[in-house]
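The structure presented is a predicted model; accordingly, all values stated were derived computationally and were not measured.
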Amino acid sequence: RLTPGLPGAVVAMLAAQGFTQAEGGYTQRMDQKTLAEFPQVDNRPLLPSISVPAMVVRGDKSTVSSLNGATEAAAALPQGRLVLVDGEHQVHIQHPEALAAVLTPFLSTSAHQ
């Protein structure tokens, strides 16, 4: 649901890695009860203290992260910038070439700063 249009082989690999078959269906391998016990921390106040160049990448059709939230995060970073990549929430899976196309020049430029 988060990444429509993936090839069947990729969906099968993600399902095999992230889910296990249980009676009557599937359950996530990551224990949701354990995850719920971790303290929820708002990291946004820490963003202004990040002094290195940073890029916030968001899939332009994401239903998980909002454009407003991504814009605010990039603006809070002293050397932050926001880049929208075609795709949903998991652009690294859906469009790795597009992600690499924005990351490569950023990393090359940032490495010399």
Side-chain angles (χ1 to χ4, degrees):
R1 293 180 309 173
L2 297 178
T3 313
L6 288 178
V10 174
V11 172
M13 183 272 301
L14 291 173
Q17 295 297 317
F19 295 87
T20 187
Q21 193 165 9
E23 188 176 321
Y26 292 88
T27 59
Q28 288 183 316
R29 287 184 188 265
M30 180 175 46
D31 181 11
Q32 297 299 305
K33 290 179 185 174
T34 301
L35 182 61
E37 293 176 10
F38 283 93
Q40 299 300 307
V41 178
D42 182 0
N43 293 322
R44 291 175 291 180
L46 300 174
L47 294 177
S49 69
I50 297 173
S51 61
V52 297
M55 179 187 293
V56 176
V57 179
R58 178 183 180 273
D60 64 352
K61 298 172 193 74
S62 177
T63 58
V64 176
S65 67
S66 72
L67 177 57
N68 186 49
T71 301
E72 288 177 3
L77 292 158
Q79 295 187 64
R81 71 184 240 209
L82 171 64
V83 176
L84 301 178
V85 176
D86 179 44
E88 284 78 19
H89 184 61
Q90 298 179 333
V91 294
H92 61 290
I93 295 171
Q94 188 179 30
H95 298 291
E97 298 85 5
L99 181 59
V102 299
L103 284 178
T104 301
F106 172 77
L107 294 172
S108 295
T109 303
S110 299
H112 301 291
Q113 293 186 4

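There is a path of hydrophobic side-chain contacts, each under 4.5 Å, that joins Val91 to Val83. Connection of Val57 to Phe106 is established within a shared hydrophobic cluster, with ILVMFWY side chains joined at heavy-atom distances below 4.5 Å, either directly or through further cluster members.
Residues Leu67 and Leu82 form a side-chain contact, since some pair of their non-hydrogen atoms from C-beta on lies under 4.5 Å apart. Looking at heavy atoms from C-beta onward, Thr63 lies out of side-chain contact with Glu88 at the 4.5 angstrom threshold.
Residues Ser62 and His89 come closest through the heavy atom pair OG-ND1, 3.6 Å. The two residues Val102 and Pro105 make their nearest non-hydrogen contact at O-CD, 3.7 Å. Contact between Val85 and Ala98 at its shortest, heavy atoms only, is CG1-CB, 3.7 Å. Scanning all heavy atoms of the two residues, the minimum distance from His95 to Asp86 falls at CD2-O, 2.8 Å.
In this structure, CE on Met55 lies 9.0 Å from OG1 on Thr109, to the nearest 0.5 angstrom.
Arg58 places a side-chain N or O within 3.5 Å of a backbone atom of Ser65 that can act as its donor or acceptor partner. Under the 3.5 Å distance criterion, the side-chain polar atoms of Gln40 are matched with a main-chain donor or acceptor of Phe38.
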Indicate every side-chain donor-acceptor pair of residues 11-25 with a distance under 3.5 Å to a residue at least two apart or in another chain.
none

Donor-acceptor contacts under 3.5 Å from residues 42-52 side chains, at least two apart:
{"residue": "Asp42", "atom": "OD1", "partner": "Arg44", "partner atom": "N", "Å": "3.1"}
{"residue": "Asp42", "atom": "OD1", "partner": "Arg44", "partner atom": "NE", "Å": "2.8"}
{"residue": "Asp42", "atom": "OD2", "partner": "Arg44", "partner atom": "NE", "Å": "3.3"}
{"residue": "Asp42", "atom": "OD2", "partner": "Arg44", "partner atom": "NH2", "Å": "2.8"}
{"residue": "Ser49", "atom": "OG", "partner": "Leu46", "partner atom": "O", "Å": "2.6"}

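Listed by chain and residue number, Glu72 satisfy the side-chain hydrogen bond (donor to acceptor under 3.5 Å, both in side chains) test with Asn68 (two or more places apart in sequence, or in another chain). With sequence neighbours excluded, no residue forms a side-chain hydrogen bond (donor to acceptor under 3.5 Å, both in side chains) with Asp60. In this view, Ala54 and Leu77 satisfy the side chain to side chain contact (heavy atoms under 4.5 Å, CB included) rule, not counting sequence neighbours.
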